Amino acid sequence: MGVDMTDNDKDKELPRLSAQKVPSSSSTSWSLPLPLRRIFDRFPLVTYPANALPQRVPRHRHENILCIFQSDEPSSRDGPSFNPSCLKWQAYLKFHGIPLRTRPSNNHASPTGALPFLLPASRDASRPASPVPANRIVKWVISQGGKEEAMQCRQDAYTALIDHALRSAWLYYLYLDEHNFKAVAWPLYVASSSSSSAVRLSLAHQLQAAAREELLKMNAVIDPQQLYSQAEQAFRSLSTLLADDQFFFGQSTPGLFDASLFAYTQIILDDHHSFETQTLNSSLKKHQNLVQHRNRLLRGFFSD
């Protein structure tokens, strides 16, 4: 599904049952009755291999492949994702100069059940590298020679504005506002997933129920005016923080924080999405330095 829900332990190998004698706590031993022994000899328990990667992913990978929510249209190939969680990591990888290709995918294809995930380039086709889930991308980038970002003063507080205030308003804006859901979320996440009317209706219900459940984890009731007001305050604070700088915290190059905000501002301002309710768009446009920040990153890293 498209709602942004945020490592799994490795599967433990199941023991293979055997007809051999098994020692007990006493000095005696026992064996399975002959009928059961025959069953297990014929049908031993086995550990099945992990699900294969999607067929659209190249088998002989010489490039880094980032699997994200993205349109199947050729014109959208390697363009910015329409999903904030995916776009955040897509932008972060680009900011660090990681060469990559993007491929449209879905949560069911992900090893963790959520997008995005990265398939690192492999020199040995017989031993492809393991997929990298989103929560390990920073560590992977550092292992590839990327610069480790230093935590800036009060960065946690400003990150919370994005991860909570903006995200909550976005969940309502896209999934629970009926006009925007029909105009934007439906074609992106529902209509593109199936041609079956029943499946589409079921998926639409799941998306809206998931968004509603997420919002109710943080709010006793879902009040759209309060959510939009908190988002407006977040934009105001972020605009003050950015001031006249090109990137946040006075950095000469964009970092993870820039990617986190760009993941929302890019989609909100994207003319390809016909939002009928313009509340977040209008709030964002009041802060021209945030709009310019989005445009700067879009031109600098997604111009192709």
Side-chain angles (χ1 to χ4, degrees), residues 4 6 80-98 116 134-135 137-139 141-142 146-174 214-215 217-219 223-271 273 275 278-303:
D4 306 317
T6 73
S81 172
F82 54 74
N83 177 273
S85 292
C86 293
L87 182 53
K88 171 184 175 179
W89 295 109
Q90 183 185 8
Y92 174 78
L93 290 166
K94 283 180 172 288
F95 295 169
H96 282 267
I98 301 294
N135 61 354
I137 288 180
V138 170
K139 183 180 293 186
V141 167
I142 295 173
K147 179 182 177 182
E148 184 172 3
E149 298 181 22
M151 180 65 70
Q152 304 296 324
C153 179
R154 296 183 298 163
Q155 184 169 335
D156 283 344
Y158 286 106
T159 298
L161 293 178
I162 300 174
D163 292 346
H164 298 290
L166 292 187
R167 179 173 181 269
S168 295
W170 170 256
L171 289 177
Y172 184 89
Y173 189 65
L174 180 63
E214 280 294 294
L215 289 174
K217 289 179 181 178
M218 298 173 284
N219 307 275
D223 182 349
Q225 296 305 317
Q226 181 183 14
L227 294 174
Y228 290 144
S229 176
Q230 291 172 347
E232 167 61 31
Q233 293 174 21
F235 283 138
R236 187 182 305 117
S237 297
L238 292 166
S239 176
T240 301
L241 175 65
L242 180 61
D244 295 327
D245 292 335
Q246 287 196 324
F247 309 115
F248 281 93
F249 305 108
Q251 300 297 309
S252 59
T253 56
L256 183 58
F257 189 90
D258 296 89
S260 299
L261 179 60
F262 176 75
Y264 289 98
T265 58
Q266 154 56 23
I267 303 173
I268 291 171
L269 296 174
D270 192 342
D271 292 334
H273 305 319
F275 289 102
Q278 293 281 314
T279 311
L280 286 184
N281 184 291
S282 299
S283 294
L284 176 55
K285 285 183 175 179
K286 293 178 182 178
H287 308 282
Q288 281 303 301
N289 61 341
L290 297 184
V291 175
Q292 292 166 6
H293 175 266
R294 173 259 186 179
N295 294 341
R296 187 179 302 120
L297 296 177
L298 186 64
R299 289 193 306 266
F301 297 92
F302 292 90
S303 59

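Because the structure is predicted, anything quoted here is derived from the model rather than measured. Hydrogens, waters and symmetry mates play no part in the numbers below; they use all other heavy atoms, side chains included.
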Donor-acceptor pair, distance only, cut-off 3.5 Å: does the side chain of [X] make one with the backbone of [Y]?
{"X": "Asn281", "Y": "Leu269", "answer": "no"}
{"X": "Ser229", "Y": "Gln225", "answer": "no"}
{"X": "Asn289", "Y": "Ala243", "answer": "yes"}
{"X": "Gln266", "Y": "Pro80", "answer": "no"}

Any residue meeting side chain to side chain contact (heavy atoms under 4.5 Å, CB included) with Ser260, in chain and number order, not counting sequence neighbours:
Lys88, Ile162, Leu256

Closest non-hydrogen atom pair between [X] and [Y], with its separation:
{"X": "Trp170", "Y": "Pro84", "answer": "NE1-CG, 3.5 Å"}
{"X": "His293", "Y": "Gln246", "answer": "CD2-O, 3.4 Å"}
{"X": "Asp258", "Y": "Phe248", "answer": "OD2-N, 3.1 Å"}
{"X": "Leu227", "Y": "Ser168", "answer": "CD2-CB, 3.9 Å"}
{"X": "Lys147", "Y": "His96", "answer": "O-CE1, 3.4 Å"}
{"X": "Pro116", "Y": "Ser85", "answer": "CD-O, 3.8 Å"}

Please examine the side chains of Phe95 and Thr253, heavy atoms only from C-beta on, and report whether any two atoms are closer than 4.5 Å.
no

Partner residues of Arg236 under the side-chain hydrogen bond (donor to acceptor under 3.5 Å, both in side chains) criterion, sequence neighbours left out
Glu232

Tell me if the centroids of the rings in Phe262 and Phe301 come within less than 6.0 Å of each other.
no

